[in-house]
Q: 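The following block contains the structure, expressed as C-alpha cells.
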Amino acid sequence: MTLEQLRQAVCDANRALASHRLVTLTWGNVSGRSDDGELMAIKPSGVPYAELSAEQIVVVRIATGDVVLGDLRPSSDTPTHRVLYEAFRGVGGVTHTHSPRATAWAQARRALPCFGSTHADHFHGPVPVTRGLTAEEVADDYETQTGRVIVERFERIDPQATPGVLVAGHAPFTWGATPAASVENAVALEAVAAMALDTLQLDAAARPLEPHLLDKHHERKHGADAYYGQTAEDR
C-alpha cells in the first residue's frame, strides 16, 4: 500500500467513526501503519470528520514522532498510537473513541466481562481495564504514558485475541490488522459493552460465558481452522 493509499484508508476509517456513531464532536481518531512498519498515518487534531480529506491525514515516523507528510498537527493521541505500534507488531490500525457504553466501563474502572457468544466472537475473554495513571505519569508525557499502561496490562494477554482495552478513567482503544479492522473492533466493543450493561440490569449476578463456549465462538472465527464467513475460493 502506498502512502497515498494509506492516507485514504485512514481518512475513510476516521469518517466511519461518525457514520457508526462512535464519536461526539471530534472525540476520537484512527491511525494506520505503513507496510514497512516505520510510519503511521493519523487524523489531524480537532478536524471535524465531515470535513476530513486524505490530504489532511498526517504521516508520522513511529520511532521519533516526527511529521514526515502533512501540514496539520497530528492528533494529540499520536504518542499513544506510537507506543501501541511499537509494542504490538501485528497491528496495522489503531482506533480511539469515547463511545458512550465502552467509556462508561472505562470510567467505572471495570473490565468488561464476556457474558455471551457475541462478545466471544470478537474478544477472547474480558476486555481488560488498565490501572490508573499516577500524578507523575500524567505530568510526564501523559499520552505516551497512556500507551505504556496499555502495554503493561497486556503483559500476559494476547493483543491479537483481545484487540481492545479500557483505559481507566478515560476511554477505549481498539486495534486490528488494518485501520478498517480496528474500527470494526471499536463497533463491536461498543455493542458488547451495551449488552453487558443490559445483562447486569436484568441480573446483577450474571455469570460469564462458559470457557468451552468462549473458545468455540472465538476459534470458529479466528482460529487456525476458522469456518466463519467466506473464503476467496467461495466467492
Side-chain angles (χ1 to χ4, degrees), residues 17-18 20-30 75-77 79-81 83-84 87-88 94-176 182-211 213-214 217-218:
L17 294 181
H20 287 298
R21 299 184 178 181
L22 292 178
V23 289
T24 303
L25 302 176
T26 57
W27 303 347
N29 43 73
V30 184
S75 166
S76 57
D77 294 304
T80 308
H81 290 243
V83 171
L84 297 182
F88 300 159
V94 173
T95 292
H96 173 48
T97 75
H98 289 252
S99 57
R101 279 79 175 186
T103 299
W105 284 89
Q107 292 181 165
R109 303 185 183 218
R110 290 185 57 180
L112 176 59
C114 179
F115 287 126
S117 61
T118 310
H119 181 129
D121 282 340
H122 294 273
F123 306 98
H124 192 217
V127 177
V129 64
T130 69
R131 65 170 174 83
L133 289 165
T134 66
E136 292 75 16
E137 287 170 328
V138 171
D140 178 22
D141 197 353
Y142 166 61
E143 288 81 9
T144 296
Q145 298 292 355
T146 297
R148 288 174 179 165
V149 296
I150 294 172
V151 173
E152 173 189 294
R153 188 65 184 85
F154 276 78
E155 184 177 354
R156 294 182 177 84
I157 301 172
D158 180 2
Q160 300 293 333
T162 304
V165 69
L166 305 169
V167 178
H170 187 184
F173 283 80
T174 57
W175 46 84
S182 72
V183 172
E184 180 178 323
N185 287 328
V187 172
L189 178 57
E190 178 65 7
V192 298
M195 291 176 193
L197 288 171
D198 288 344
T199 299
L200 291 172
Q201 283 189 323
L202 288 167
D203 182 1
R207 295 177 297 174
L209 188 68
E210 296 84 353
L213 272 175
L214 168 65
H217 270 267
H218 195 266

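We count residues from 1, following the sequence as given. Hydrogens, waters and symmetry mates are skipped; everything else that's a heavy atom, side chains included, is used.
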Q: Measure the shortest side-chain to side-chain distance between Val183 and His20 over non-hydrogen atoms and say whether it is less than 4.5 angstrom.
A: yes
Q: Any heavy-atom pair between the side chains of Phe173 and Val94 that's under 4.5 Å?
A: yes
Q: Hey, would you say the His98 and His170 ring centroids sit under 6.0 Å apart?
A: yes
Q: From Leu112 CG over to His119 NE2, what is the distance, rounded to the nearest 0.5 angstrom?
A: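 Output value for this atom pair is 5.0 Å.
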Q: Using modelled atom types only, decide if a donor and an acceptor are shared between the side chain of Glu190 and the backbone of Val187 within a distance under 3.5 Å.
A: no
Q: Which heavy atom of Glu152 sits nearest to which heavy atom of Arg131, and what is that distance?
A: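 Where Glu152 meets Arg131 most closely, the heavy atoms are OE2-NE, 2.7 Å.
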Q: For the side chain of Arg148 and the backbone of Val83, is there at least one donor-acceptor N/O pair under 3.5 Å apart?
A: no
Q: Is there a side-chain contact between Trp105 and Leu197, using heavy atoms and a 4.5 Å cut-off?
A: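 In contact.
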Q: Please tell me if the side chains of Thr162 and Pro128 come closer than 4.5 Å, counting only heavy atoms from C-beta onward.
A: yes
Q: Rounded to the nearest 0.5 Å, what separation is found between the CG atom of Leu84 and the CG atom of Asp77?
A: 10.5 Å
Q: Restricting to non-hydrogen atoms, name the atom on Leu166 and the atom on Arg110 that form the minimum distance, rounded to 0.1 Å.
A: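 Residues Leu166 and Arg110, closest heavy atoms: CD1-O, 3.4 Å.
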Q: How many angstroms lie between CD in Glu143 and OG in Ser75, if you round to the nearest 0.5 Å?
A: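 OG of Ser75 is found 8.5 Å from CD of Glu143.
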Q: Over all heavy atoms of both residues, which pair between Thr95 and Leu17 is shortest? Give the atoms and the distance, please.
A: CG2-CD2, 3.8 Å
Q: Specify the closest pair of heavy atoms between Val165 and Trp175, including all atoms of both residues, with the distance to one decimal.
A: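 Distance-wise, the nearest heavy atoms are CG1-CZ3, 3.9 Å.
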Q: Please report the interatomic distance NE2(His124) to CG(Leu214), rounded to the nearest 0.5 Å.
A: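 Atom-to-atom, His124:NE2 and Leu214:CG are 4.0 Å apart.
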Q: When rounded to the nearest 0.5 angstrom, what is the spacing between CG in Asn29 and OG in Ser76?
A: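 Atom-to-atom, Asn29:CG and Ser76:OG are 7.0 Å apart.
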Q: Once rounded to the nearest 0.5 Å, what's the spacing between atom NE2 of His81 and atom OG1 of Thr146?
A: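 Going from the NE2 atom of His81 to the OG1 atom of Thr146 covers 10.5 Å.
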Q: Thr174 side chain to Ser182 main-chain N or O, any donor-acceptor pair under 3.5 Å?
A: yes
Q: Check whether Thr130 reaches the backbone of Ala168 with its side chain - one donor and one acceptor, N or O, closer than 3.5 Å.
A: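 Present.
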Q: Would a 4.5 Å heavy-atom cut-off, applied to side chains only, mark Asn185 and His122 as touching?
A: yes
Q: Ignoring hydrogens, what is the shortest heavy-atom contact between Phe123 and Val127? Give both atom names and the distance.
A: CG-CG2, 3.8 Å
Q: Between Ser117 and Ala120 (side chain of the first, backbone of the second, donor and acceptor by atom type, cut-off under 3.5 Å), is there such a pair?
A: no
Q: Any heavy-atom pair between the side chains of Thr103 and Pro172 that's under 4.5 Å?
A: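 Side-chain contact under 4.5 Å: yes.
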Q: For the residue pair Phe154 and Gly164, what are the closest heavy atoms and their distance?
A: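 The answer is CZ-O, 3.3 Å.
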Q: With distance as the sole criterion, is a donor-acceptor pair present between the side chains of His217 and Asp121 under 3.5 Å?
A: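 There is such a pair between these side chains.
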Q: Just wondering, do Asp198 and Met195 contact through their side chains at under 4.5 Å, heavy atoms?
A: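 No, side chains not in contact.
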